[in-house]
A.B. asks: 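The structure under discussion is supplied below as structure tokens; questions concerning it will follow.
This chain uses plain numbering: 1 for the first residue, then up along the sequence.
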Amino acid sequence: MRTQVAIIGAGPSGLLLGALLAKAGIDAVIVEQRSAEYVLGRIRAGVLEQVTVDLLDGVGVGARMHREGLPHDGFDLCFGGARHRVDLLGLSGGKRVMVYGQTEVTRDLMDARQAAGLATVYDAADVSVHDLHTASPRVRYRTGDEVHEIACDFIAGCDGFHGVCRQSVPPGDLRTYEKVYPFGWLGVLSRTPPVSHELIYASSDRGFALCSMRSHTLSRYYVQCSLDDKVEQWSDARFWDELKRRLDATAAAALVTGPSIEKSIAPLRSFVAEPMRFGRLFLAGDAAHIVPPTGAKGLNLAATDVGYLGHALIEHYRDRSDEGIECYSERALARVWKAERFSWWMTSLLHRFPDTGEFGAKMQRAELEYLVGSHAAMASLAENYVGLPMVA
Ligand code: RFL
Ligand code: PHB
């Protein structure tokens, strides 16, 4: 088989890149190691920046998002038993975020791809990439006993943190930066009305908690947990009790509890691989970088990476210009590092760190007090949370 762009991974970055290329008439095949149902079963991000909304609108998959998604003009910071509203709209000069689950974004992109009859290979085993420095790189994979090969012009590595693409780059050609946090997030999805109409990010002596949602009847909650914790140790009753203890009294009293539909623990990590291009292989999204989820940036970075990459590939085919391809890594990384900084800062501000002691806790409290009392600091938080612009 031959195609122009082989995309590895059918997560949000791979599917959105596929949609951007299809709109420009560029031929692409997506190769995914899991089934479509498995990909849709992963409960992940919930908050979309305006640039992500614009990218989804641009490829014509925004209708359901605008119908069912929840535009949010602010969120609450909760500490010391009180809540403080961050007025995103007012502080950012009119910007807001969209609460719409990654599962739904993925479903909308998958449905559009299927309706357009575009090629996606699911359940591809032993995916490997070859000849990255030649004009015709290749992707190999297996379905059952049959081995397949795709020859292409470019490979987009959209295969997440554990994917094969970044691992195919010789270690000497890649520099990585990493910070692993000494805690995780225990997440619960429940068919209960959200405790508040906006998100609550809570910092308490017992650790961080987040109240989020997917709809008016579906809630998503997280509590900071130990890395040694196992999901089985967290009964629903223990989870709800712990969440209440980390919220202010009003929120704790208003919290509607119910059986969990999903419960999982995610470790927290900051990670960047540089550069994001290696010959004719481009890395995008979680394949190139990870942020801790506190700033709600992972999916949004995946979307803007492929925004840059899609544009670069369109320039290559339509305008015969490789400027975008040459600048892809630098352009994407400039935005990535700013989101890394913000995510690290939000994480450092709101979590209990086992190793920073009472001085660390005092510093966090002072920073929170300063933040909610300073228009400049709140504006900076809002500017980053709604998303920094995609600079061309
Ligand atoms: P994905 O979603 O991991 O998709 C990669 C796809 O590649 C496939 N794959 C392979 N395919 C072929 N061959 C191989 N060898 C392959 N290896 C892997 C995988 O099966 C998969 O389908 O990466 P992508 O597309 O870059 O998207 C990134 C986002 O998923 C991620 O950044 C966000 O979910 C992060 N995130 C959040 N981001 C936000 O913007 N806002 C949020 O509110 C937010 N909350 C979160 C989050 C992530 C979380 N977890 C569990 C990590 C909350 C949590 C709890
Ligand atoms: C979510 O709804 O899953 C969510 C929201 C905000 C975050 C992280 C996760 O910062």
Side-chain angles (χ1 to χ4, degrees), residues 9 11-13 16-17 44-45 47-52 54-55 88 92 95 97 102 156-163 165-167 169 171-182 201 266-278 281-312 323-351 353 367 371 376-392:
S13 58
L16 178 57
L17 179 62
R44 286 183 170 182
V47 178
L48 307 183
E49 297 173 358
Q50 186 62 47
V51 284
T52 305
D54 292 345
L55 282 162
L88 293 175
S92 72
K95 297 200 179 118
V97 292
Q102 176 166 336
C158 300
D159 51 350
F161 184 64
H162 300 287
C165 290
R166 189 182 70 253
Q167 287 165 26
V169 177
D173 291 333
L174 213 56
R175 175 115 196 244
T176 60
Y177 303 82
E178 183 169 36
K179 177 174 175 64
V180 177
Y181 298 85
Y201 287 82
L268 266 67
R269 181 195 306 270
S270 298
F271 174 89
V272 181
E274 289 187 342
M276 287 170 60
R277 172 181 163 221
F278 179 75
L281 169 71
F282 301 93
L283 301 176
D286 279 15
H289 42 72
I290 295 287
V291 285
T294 327
K297 290 285 167 253
L299 170 59
N300 293 298
L301 279 183
T304 47
D305 280 358
V306 298
Y308 289 124
L309 181 54
H311 191 72
E323 203 253 332
I325 284 178
E326 299 297 338
C327 295
Y328 166 68
S329 178
E330 198 183 321
R331 259 183 205 146
L333 282 166
R335 196 167 188 282
V336 164
W337 276 114
K338 292 190 187 106
E340 289 283 348
R341 184 208 68 83
F342 177 66
S343 306
W344 159 82
W345 174 77
M346 279 275 277
T347 306
S348 309
L349 181 68
L350 297 171
H351 291 74
F353 281 73
E367 183 154 10
L371 179 64
M378 288 289 254
S380 168
L381 165 60
E383 179 184 36
N384 281 278
Y385 193 87
V386 299
L388 296 175
M390 256 183 97
V391 182

A.B. asks: Is the distance between the ring centroids of W337 and F342 less than 6.0 Å?
C.D. replies: no
A.B. asks: Nearest 0.5 Å, what's the CD-CG distance between Q167 and D159?
C.D. replies: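 Here the interatomic distance stands at 8.0 Å.
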A.B. asks: Report the distance from atom NZ of K179 to atom OG of S343, rounding to the nearest 0.5 Å.
C.D. replies: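 It comes to 13.5 Å.
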A.B. asks: Would T294 and H351 count as a side chain to side chain contact (heavy atoms under 4.5 Å, CB included) if you check the C-alpha gap in whole Å, the side-chain angles of each, and the deciding distance to 0.1 Å?
C.D. replies: CA-CA 9 Å; T294 327; H351 291 74; 3.5 Å; yes
A.B. asks: Can you measure from NZ (K297) to CE (M346) and round to the nearest 0.5 angstrom?
C.D. replies: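 Rounded to the nearest 0.5 Å, the NZ-CE separation comes out at 8.0 Å.
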A.B. asks: If you measure from CZ on R269 to OG1 on T347, what distance do you get to the nearest 0.5 Å?
C.D. replies: 13.5 Å
A.B. asks: Do the two ring centres, one from Y328 and one from F282, sit under 6.0 Å apart?
C.D. replies: yes
A.B. asks: Rounded to the nearest 0.5 Å, how far does CG of L283 lie from CE of M276?
C.D. replies: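 M276 atom CE to L283 atom CG measures 6.5 Å (nearest 0.5 Å).
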A.B. asks: Quick one: do the Y181 and S348 side chains pair a donor with an acceptor below 3.5 Å?
C.D. replies: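 No, no side-chain donor-acceptor contact under 3.5 Å.
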A.B. asks: Taking C-beta and beyond as the side chain, do P12 and Q102 meet within less than 4.5 Å on heavy atoms?
C.D. replies: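 A side-chain contact exists here, since the closest heavy-atom pair is under 4.5 Å.
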A.B. asks: Only one of V47, N300, L48, T52 forms a side-chain contact (heavy atoms from CB on, under 4.5 Å) with V97, so which one is it?
C.D. replies: V47
A.B. asks: Looking at F161, does the NZ or CZ of R166 lie under 6.0 angstrom from its six-membered ring centre and within 45 degrees of the ring axis?
C.D. replies: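 The answer is yes, since R166 meets both limits relative to F161.
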A.B. asks: Looking at every non-hydrogen atom in both residues, tell me the closest pair between L17 and A156 and how far apart they are.
C.D. replies: CD2-CB, 3.4 Å
A.B. asks: Just by distance, with hydrogens left out, do D305 and H289 show a side-chain donor and acceptor under 3.5 Å apart?
C.D. replies: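 Per modelled atom types, D305 and H289 side chains form a pair under 3.5 Å.
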A.B. asks: If I compare all heavy atoms of R335 with all of V51, which pair ends up nearest, and what's the gap?
C.D. replies: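 Between these two residues, the closest heavy atoms are NH2-CG2, 3.7 Å.
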A.B. asks: If every non-hydrogen atom of L333 is compared with every non-hydrogen atom of A273, which pair is closest and at what distance?
C.D. replies: CD2-O, 4.1 Å
A.B. asks: Taking atom types as modelled and ignoring hydrogens, do the side chains of E340 and W345 form a donor-acceptor contact shorter than 3.5 angstrom?
C.D. replies: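 There is no such pair between these side chains.
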A.B. asks: Check A303 against L55 and note the closest heavy-atom contact, atom names and distance.
C.D. replies: O-CD1, 3.4 Å
A.B. asks: Report the C-alpha distance between E326 and R277 in whole Å, list the side-chain angles of each, state the deciding distance to 0.1 Å, and finish with yes or no for side chain to side chain contact (heavy atoms under 4.5 Å, CB included).
C.D. replies: CA-CA 9 Å; E326 299 297 338; R277 172 181 163 221; 3.3 Å; yes
A.B. asks: Do K95 and Y385 meet the cation-pi criteria used here (NZ or CZ under 6.0 Å from the six-membered ring centre, within 45° of the axis)?
C.D. replies: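 No cation-pi geometry.
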A.B. asks: Given side chain to side chain contact (heavy atoms under 4.5 Å, CB included), test V386 with E49 step by step and report yes or no.
C.D. replies: CA-CA 6 Å; V386 299; E49 297 173 358; over 6 Å; no
A.B. asks: So do T176 and V272 actually touch side chain to side chain, heavy atoms under 4.5 Å?
C.D. replies: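 They are not in contact (no side-chain heavy atoms under 4.5 Å apart), so the answer is no.
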A.B. asks: Specify the closest pair of heavy atoms between V306 and S13, including all atoms of both residues, with the distance to one decimal.
C.D. replies: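 What the structure gives for the nearest pair is CG1-O, 3.4 Å.
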A.B. asks: With a sphere of 6.0 Å drawn around CD of E330, does it hold more than 12 non-hydrogen atoms of other residues, nucleotides or ligands?
C.D. replies: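 No, CD of E330 has 12 or fewer neighbouring heavy atoms, counting only those of other groups under 6.0 Å.
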A.B. asks: Apply side chain to side chain contact (heavy atoms under 4.5 Å, CB included) to V291 and S270, showing your working.
C.D. replies: CA-CA 5 Å; V291 285; S270 298; 5.9 Å; no
A.B. asks: Can you tell me how far OG1 of T304 sits from CG of L16, rounded to the nearest 0.5 angstrom?
C.D. replies: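 If we round to the nearest 0.5 Å, L16:CG and T304:OG1 are 10.0 Å apart.
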